[in-house]
Number of protein chains: 2
Amino acid sequence: MASTSLSTRSIGRLAALTGVKVPTIRFYEQIGIMPAPERTASDRRVYDDAALRRLSFVRHARDLGFDLDSIRSLLDLADEPERPCGEANAIADRHLAVVTGKIARLKALQAELSRMTAECAGGRVSACKVIEVLHDHDRCGADHGGTRSDF
Amino acid sequence: MASTSLSTRSIGRLAALTGVKVPTIRFYEQIGIMPAPERTASDRRVYDDAALRRLSFVRHARDLGFDLDSIRSLLDLADEPERPCGEANAIADRHLAVVTGKIARLKALQAELSRMTAECAGGRVSACKVIEVLHDHDRCGADHGGTRSDF
DNA sequence: CTTGATCCTCTAGTGGCTAGAGGATGCAGA
DNA sequence: TCTGCATCCTCTAGCCACTAGAGGATCAAG
């Protein structure tokens with residue numbers, strides 16, 4: 001195991017170290033993702049190394065697109081090394097499926113959008129393929145039937 | 001020109017025809033995407049064919065991932081067929097670039113996530129690749145440096 | 001001592017809806 | 001005619017993950 005340094009830092013320093021913005025750190029504290037840290041006499045937050053590790057974890061998970069609820073579960077798991085890791089895998093798998101689905105939908109959109117813009121000759125709106133496709137969905141390739149959900 | 005039928009319908013019927021939910025139609029009216037329609041004596045909304053066409057347009061544009069601000073611009077353009085369509089094309093092109101960027105980022109995430117889950121042997125959390133990668137970003141393939149933005 | 005960076009709390013806004021309260025109206029069957 | 005349910009109305013609040021700004025205290029450098 002590496003030596004555990006015992007330094008502390010302000011919220012701004014923590015923000016710089018992790019790439020998480022200062023208001024976001026306070027927000028994470030408010031919603032319980034980060035624990036309330038110690039304070040100086042003048043009420044400033046002081047973060048220890050555990051906080052630094054935890055926030056880095058959160059940041060990396062957010063970078064990978066996990067929502068804060070999943071991150072809460074992953075943090076709980078990370079705190080108990082003896083538990084089996086099936087749950088962590090399940091969370092990651094679920095997220096992977098979501099990501100894969102999004103890619104598929106976005107690719108369909110990409111195809112449709114490039115068809116739209118490629119076919120437009122650049123005349124007047126009355127002859128514009130972009131507007132036309134939007135007006136008359138039958139002229140659109142794919143069937144984006146039900147779920148708009150998110151992108 | 002095709003014959004313009006002169007039928008009308010309730011908000012529920014309009015919702016069924018377009019696939020846009022009733023509260024969403026009211027919301028679109030509130031924010032000015034849809035104009036305030038005529039009302040019956042008992043204050044119920046009555047939609048004509050122009051409203052039906054406009055809402056279908058909005059729905060298709062949303063399906064393609066355009067945000068409501070872009071849709072506002074596209075609606076303005078669609079209402080003036082004599083204007084040149086360059087602006088419509090520009091909006092679509094900008095959106096296409098956004099979509100293409102999202103696909104690229106999501107593919108990187110997909111690769112990282114599947115690597116994470118594939119390498120996990122299914123033991124305890126202490127040996128879990130998923131948790132490990134999240135803890136130590138250096139073991140992660142890609143560099144998701146700055147922008148988390150949206151997914 | 002002054003200046004400017006950083007910190008504090010608090011509220012409100014973003015996008016694009018969705019959910020629910022609390023009530024009025026409309027329409028079909030018994 | 002009554003009953004009951006579907007649909008409609010307005011209004012407010014909530015969702016996610018932040019972000020922005022007001023209004024003020026404190027700190028560190030020159």
Side-chain angles (χ1 to χ4, degrees), chain A residues 8-34 36-47 51 55 57-75 95 98 102 144 146-151, chain B residues 8-34 36-47 51 55 57-75 95 98 102 144 146-151:
Chain A
T8 59
R9 53 204 65 78
S10 72
I11 194 169
R13 203 76 198 87
L14 182 66
L17 285 170
T18 57
V20 179
K21 290 180 189 154
V22 168
T24 303
I25 297 174
R26 288 196 277 246
F27 168 74
Y28 284 165
E29 180 182 330
Q30 207 187 322
I31 62 169
I33 288 278
M34 292 293 290
E38 304 279 318
R39 301 278 187 133
T40 66
S42 59
D43 226 29
R44 279 150 191 246
R45 290 171 178 84
V46 176
Y47 293 95
L55 188 55
F57 186 100
V58 173
R59 154 87 158 135
H60 299 154
R62 286 294 298 133
D63 277 347
L64 289 168
F66 288 98
D67 58 32
L68 291 178
D69 251 16
S70 300
I71 292 176
R72 248 184 266 267
S73 306
L74 289 169
L75 282 167
H95 185 50
V98 170
K102 278 184 190 175
H144 319 288
T147 322
R148 208 174 304 104
S149 67
D150 62 294
F151 295 109
Chain B
T8 60
R9 55 205 63 77
S10 71
I11 195 170
R13 203 75 197 87
L14 182 66
L17 286 169
T18 57
V20 179
K21 287 179 191 156
V22 169
T24 304
I25 297 173
R26 288 196 277 247
F27 168 73
Y28 284 167
E29 180 183 329
Q30 207 188 322
I31 62 169
I33 287 279
M34 291 293 290
E38 303 278 317
R39 300 280 186 132
T40 66
S42 60
D43 226 29
R44 283 157 188 239
R45 289 171 178 85
V46 176
Y47 293 96
L55 187 56
F57 185 100
V58 173
R59 155 87 157 132
H60 299 154
R62 284 295 296 135
D63 277 348
L64 288 168
F66 288 97
D67 59 31
L68 290 178
D69 252 15
S70 300
I71 293 177
R72 248 183 265 266
S73 307
L74 290 169
L75 281 168
H95 184 51
V98 171
K102 279 185 189 176
H144 319 290
T147 322
R148 209 176 302 104
S149 66
D150 61 294
F151 294 110

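The figures here come from the full heavy-atom set of this structure, side chains too, leaving out hydrogens, waters and symmetry mates. In what follows, chains carry the letters A, B, and so on, assigned in the order in which the sequence lines appear, proteins first and then strands, with residues in each chain numbered from 1.
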With a cut-off of less than 4.0 Å, is there a side-chain N or O of Tyr28(A) near OP1 or OP2 of dA17(D)? no
Contact nearer the 5' end of DNA chain D, comparing Arg13(B) with Gln30(B): Arg13(B)
Rounded off to whole Å, could you give me the CZ-to-P distance for the Arg26(B) and dT12(D) pair? 15 Å
After noting the C-alpha distance and the side-chain angles of Arg45(B) and Arg39(B), does the key distance pass the side chain to side chain contact (heavy atoms under 4.5 Å, CB included) rule? CA-CA 5 Å; Arg45(B) 289 171 178 85; Arg39(B) 300 280 186 132; 3.3 Å; yes
Crowding at CZ, Arg13(A) (>12 non-hydrogen neighbours, <6.0 Å): no
Tell me: CZ of Phe27(A) to P of dC8(C), nearest whole Å? 17 Å
Nearest-angstrom distance from the residue atom CG of Leu55(B) to P of dC17(C): 11 Å
Starting from P on dC17(C), measure out to CZ on Phe66(B) and report it in whole angstrom. 15 Å
dC16(D) P sits how many Å from Ile33(A) CD1, rounded? 12 Å
Side-chain heavy atoms of Glu29(A) within contact of Ile25(A), under 4.5 Å: no
With heavy atoms under 4.0 Å as the rule, sort Ile11(A) into base, sugar-phosphate or nothing. sugar-phosphate
Quick check against the 3.5 Å criterion: does Arg9(A) have a side-chain atom that pairs as donor or acceptor with the backbone of Tyr47(A)? yes
Between Arg72(A) and Ile31(A), what is the shortest heavy-atom contact and its length? NH1-O, 2.8 Å
Hey, does the side chain of His95(B) reach the backbone of Asp67(B) with a donor-acceptor pair shorter than 3.5 angstrom? no
First encountered from the 5' end of DNA chain D, between Pro23(A) and Ser10(B): Ser10(B)
Nucleotide dC17(C), atom P - distance to CD1 of Ile25(B) in whole Å: 12 Å
Just how far, in rounded Å, is P of dG14(D) from CG of Asp69(A)? 18 Å
How many whole angstroms separate atom CZ of Arg59(A) from atom P of dA17(D)? 16 Å
Where along residues 38-46 of chain A does a heavy atom come under 4.0 Å from DNA chain D, residue by residue in number order? Ser42(A), Arg44(A)
Between the main-chain N or O of Leu14(B) and the side-chain N or O of Thr18(B), is there a donor-acceptor pair closer than 3.5 Å? yes
Arg62(A) side chain N/O closer than 4.0 Å to the phosphate oxygens (OP1, OP2) of dC18(D)? yes
At less than 4.0 Å, is any side-chain N or O atom of Lys21(A) found next to OP1 or OP2 of dT19(D)? Yes or no. yes
Base, sugar-phosphate alone, or nothing: which one does Asp67(B) contact when heavy atoms must sit under 4.0 Å apart? sugar-phosphate
On DNA chain C, does the nearest nucleotide to Val22(A) precede the nearest nucleotide to Leu68(B) from the 5' side, or the other way round? Give the residue. Val22(A)
Phosphate OP1/OP2 of dA17(D) contacted by Thr24(A) side-chain N/O (<4.0 Å): no
